[in-house]
Amino acid sequence: MMKHRIVNDDMMNHQTVNDEISNHNDNMMKHQIVNDDIMKHETVNDEMSNHDDEMSNHNDETTDLKQLTFVKIILKDLFICGNCECFNKSKVSFAKCTGKIVQIPVDLPNYIQHLTIGKSDFAVFRPTEVLRYANLSYLHIKNNPKLVAIRLYPVSDKTSVLEELDLSTNKISIIYENSFHIFPNLTSLSLSVNNISAITRNTFTGLGLLQALNLSFNLLETLENTTFDELKSLTLLDLRHNTNLGYSPKHFPESLLSNLLFLTDLYLEGNSDKSDHYPDLALQPLKQLQTLTVDGLDHPFGRKLISLGNLTSIKIGLSPGTCNINNFSDHFFTNTPFLRHVEVNGCSTQRMNLKTFQNLRNITSLSLTNIPGYDLFDAFEDLEHIHKSSIAFLKLSGLNHTLVMCRILEPYHAKYLQHMRMSSLDLSNNNIIMMRDGFANLLPGTLQKLILTNNKLNPRVMILKQIKSLSNLTALDLSFQGYSDFSDIDNTYSYKTSKNIDSHEASEESELSSVYCPVGEETFYKQQNHSHNFHIEKNILPRNLKSIRALRYIRFGLYILYCNIKERYALQTLDFSGSYMTRWGSGKLPPGILRASFARNYCSNLTQSFFEKNKSLKILFLGDNYLADVFAADSSGAIFSTLNKLEYLDLSKNAIYKLPFKFLNGLPSLKIIDISQNKLQVINISLASSPKLRIVDLSRNSISWITRSTRDDLDTIAANHTLYLDLTSNPLPCTCKGLPIIFWLAHTNVYLLSKDFLTCSDEDNNYVSMGDVRKKLETLQRYCASKELMFIICLFSTVCIALVVLLLTMYRFRWRLRYLRTVAIGKLLGFESTLPNNLRYKYDAYILYTDETRSFVLQECVQELEVNRGHRLCIEERDFMPGTYTVSAIVSAVQNSAKTVPVVTPEFYDGEYAEYGLKMAVMEEIFSRRSVLHLCIYKPVSADDMSRDLLSVLRKNRFTEFPADDEMTPEARLTFWDEMSRSISHNPAED
């Protein structure tokens, strides 16, 4: 998925080893944009960038974000539009569509201006479909393997405002006539990399304003005289690699280009088809022609070209196998006297004749590359013929005729170079392993850029001392060295034996001990003490050197980082990317550096002292290392604490799993930070000390939480200026627990890039698309609210049920509970009697009675049982101490009596404490496991009127019935009282 990216591929901007197809595409972009990522609308900052440029935000409002030199910023805010991805930038609307698309989509925004369609099911491109979008200016339909034809159907008289149409890299073989006539405003048309075999004048009808036409890499065989007559405004024509086309009049008619009066760039290489001559007659009318690329033919350019006074650049054989010149004659360029730039590549010549350039008095740039029959050392000798010329840019690359595996540049090799007033010298791809001091000393003092890429320079040999005399040198490129660790070259130079320096798995000790710094004139190297503290000779660097580029130059960077450079040089830029310097973090960054890259070095250590000498760094690339543990341990933010001018920081691809809260505390100038493609799960980091932040890239992590403090810091920054935040490809929490995060995403002022493409993790840990954040919030709130309500209902129901069960249980066992409570209270109040050891109970019986039976108890029971028979009775009105707690007194009476005797009548339960006393007696039976109750049936009571407790005692035959009035006799009365006396007599066997 396209998104905001930070690119560092061309940080130093010194790359000169580009294939020619790329070069031609760059030229075409002067008139049209034909790269694969046209949708990006990039803001590119190279070495010549204006620092006052400003980056536009999503509303086209300018910000105070200064351009960051060597940083390419691609800021994309994607959103869903139909089945495509769209984004807006600088008031321009872009869309990219892929998949099962068979026509121009109909559901895009009406205001769309840029449209790219790729990897689709397009079979036929119908230009009239473009008319549905009135503002569409750029249309790219590329990489569609089923697209074979272009046809204007249905025919329409309407016209489009389309300015750029790219139909490259398809399978187009048929173009119907007049297919493009509805595009009168078209200025750029690319049909490259297709299967087109024929075109006619009517193919381009209506394209009178077309400026750039690309027909390269097709199957064209012949061109009619009038093919391009309609294209009167054409300035660039690319016909490269139509291998059957040829330069002969049969294939390339003399009047083919006669109407292209404004043509400035013409690319014809890969079309010679064994031709002997260049198409001079066809080229003669092109008075404005400035750049011409052709195949290499033995026959020189004809006299017809001498009139082309604007032809200043010729490139020969830029593609492999397209230069078949066996011998460059002295007069090869005689008829092109105005040339300023000449490139010769891959020619089969056995000997390059530099005399051929002798008469080009205006020449400023010469490039000789990949000529298998020509050797670098021969080229140095042949410079005799042009050393007095005005050449400022010289490239001698891939000249290895002698198959020398290792070259040493000696002083005599520069005997002619020293007289040239060059500003740039490129000696890349020549198997150079070292350069003698004398060679560098003889290089011209005007030299500003030195390129030695793709050689075999060993860092122990290529030392900075050798080029210190180049006082005007500003840029040094030493990238991509494929050296070996040679143990001996000659008697002058020797090497310390160690492990193969190519191996990035060498031990730490071996790695550091292999670093040497020059300290004197008598020796190249001197190893210092084991503390790895190296001191470089004063003024060892060229005083004006501003940039060093050493990508994939193993360990060379250690010369800079481990040498104790104290002086402040002009050096501003270091690029040591991909150099397997696993311990670069233990060195020290020199002072004065503004831009540094240590990406792709697999470094796992970065000391707090690495940046301590540097107070000027603005751009820092640390991506693709193993610094996770170092960062996690930096709890105080000490590593970057001195970089108060740092504006851009790349920490991507470091497997970072934790960043301490104070990690960024020392970066007040920070504007862009890239922490993408790591393993962060929780973001808990303070951003309060970085108020200038503009872009925070946290994409492609494992983020499931952002703490409140971090969210507040982001909101505070966003309140002052636009802050972009990229959280795509993270498992954000779409759960009830993550509701605060979703709420923040929906309401924050922070601008969330590609908000429609945010992903989140649901309750089952499944990744789902978040879609519209506000709708997701509403859905989640409803879901969580229902869950909360359900939880409350369940909790309430559980509590209610538990309460009911508890109440029912308490009700069922209410008398037990009351008994236990009363016993406890009784103990608290002192209802415990002290009895002699021979007495078990204080009373023989506790008599329960009501007002109805009061006289019976107080008169007859007392007389018969106490007076006549000697029993001890407990009677409430007599034995309960006045003022005591009645219920406790009842329980105490039950416990201190051998029997509890309820006097039962039909009105028994009318008594105030009758039922309570009965229940306490029942509880006493349960807890003491003794027979407590004995009923005195004073008046008959039916079974239906008796309680279960009374019936239970009756069933156990523990009662004595008082004689009824009609049965009352002295004998019956005596029998009753005797039986009662026996019943209340204490029998220990019952206990």
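Just so you know, these numbers use all the heavy atoms, side chains as well, and skip hydrogens, waters and symmetry mates. Given the structure is predicted, the values throughout are model-derived calculations rather than measurements.
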> L627 versus L651: any side-chain heavy-atom pair under 4.5 Å?
Replying inline: no

> For Y374, which of D382, N353, T349 qualifies under side chain to side chain donor-acceptor pair (under 3.5 Å)?
Replying inline: D382

>> Ring centres under 6.0 Å, that's the criterion: do Y562 and W584 meet it?
In response: no

> Counting N and O atoms only, with roles assigned by atom type, does the side chain of T607 sit under 3.5 Å from a partner on the main chain of G585, one being a donor and the other an acceptor?
Replying inline: yes

> Do the charged groups of E612 and K588 touch, with an N to O distance under 4.0 Å?
Replying inline: yes

> Thinking salt bridges, do K415 and E384 make one under a 4.0 Å N-O criterion?
Replying inline: no

>> Around atom OH of Y626, are there more than 12 heavy atoms from other residues, nucleotides or ligands closer than 6.0 Å?
In response: no

>> Please evaluate residues N625 and N601 with respect to the criterion side chain to side chain donor-acceptor pair (under 3.5 Å), reporting the C-alpha separation (whole Å), side-chain torsions for both, the decisive distance (0.1 Å), and the verdict.
In response: CA-CA 6 Å; N625 282 285; N601 273 295; 5.0 Å; no

> Run the side chain to side chain donor-acceptor pair (under 3.5 Å) check on R595 and T573 step by step: do they pass?
Replying inline: CA-CA 5 Å; R595 298 162 292 271; T573 302; 2.8 Å; yes

> Is there a ring pair (Phe, Tyr, Trp, His ring centres under 6.0 Å) between F610 and F598 once you walk through the steps?
Replying inline: CA-CA 12 Å; F610 183 82; F598 303 102; 5.6 Å; yes

>> Can a side-chain donor-acceptor contact be found between N441 and S469 if the only test is distance below 3.5 angstrom?
In response: yes

>> Could you check whether D375 pairs with R407 (Lys NZ or Arg NE/NH1/NH2 to Asp/Glu carboxylate O, under 4.0 Å)?
In response: yes

>> Are L551 and F576 packed together at the side-chain level, in the sense that at least one heavy-atom pair is separated by less than 4.5 angstrom?
In response: no

>> Could you tell me if T369 and N345 have a donor-acceptor pair between their side chains, going purely by distance under 3.5 Å?
In response: yes

> After noting the C-alpha distance and the side-chain angles of I451 and L478, does the key distance pass the side-chain contact (heavy atoms from CB on, under 4.5 Å) rule?
Replying inline: CA-CA 6 Å; I451 302 172; L478 303 172; over 6 Å; no

>> Ignoring hydrogens, what is the shortest heavy-atom contact between K613 and L589? Give both atom names and the distance.
In response: CB-O, 3.8 Å

> Within a strict 4.5 Å, meaning less than it, do heavy atoms of the S319 and H241 side chains meet?
Replying inline: yes

>> How close do I363 and S390 get, counting heavy atoms only, and between which atoms?
In response: O-OG, 2.6 Å

> With a 4.5 Å heavy-atom cut-off, do S348 and I325 have their side chains touching?
Replying inline: no

>> Using ring pair (Phe, Tyr, Trp, His ring centres under 6.0 Å), reason through Y580 and Y602 one step at a time and then give a plain yes or no.
In response: CA-CA 6 Å; Y580 301 105; Y602 310 103; 5.7 Å; yes

>> Closer than 3.5 angstrom, by distance alone: can the side chain of N455 be matched with the main-chain N or O of T453 as a donor-acceptor pair?
In response: yes

> Is any side-chain heavy atom of I408 closer than 4.5 Å to a side-chain heavy atom of M435?
Replying inline: no

> Checking side chain to side chain donor-acceptor pair (under 3.5 Å) for the pair S652/S676: CA distance, chi angles, key distance, verdict?
Replying inline: CA-CA 5 Å; S652 61; S676 63; 4.6 Å; no

> Can you tell if the side chain of K615 reaches within under 4.5 Å of the side chain of T642, non-hydrogen atoms only?
Replying inline: yes

> Ignoring hydrogens and geometry, is there a side-chain-to-backbone donor-acceptor pair from D295 to G317 under 3.5 Å?
Replying inline: no

> Could D477 and R549 be called an ion pair, given the rule that one side-chain N must be under 4.0 Å from one carboxylate O?
Replying inline: yes

> Are Y648 and F621 near enough that their ring centres are under 6.0 Å apart?
Replying inline: yes

> With a 4.5 Å limit on heavy-atom distance, are the side chains of F357 and M352 in contact?
Replying inline: yes

> Do L399 and N430 come close enough that some side-chain heavy atom pair is under 4.5 Å?
Replying inline: yes

> In this structure, which one of H387, H385, H413 forms a ring-ring contact (aromatic ring centres under 6.0 Å, His included) with F380?
Replying inline: H413

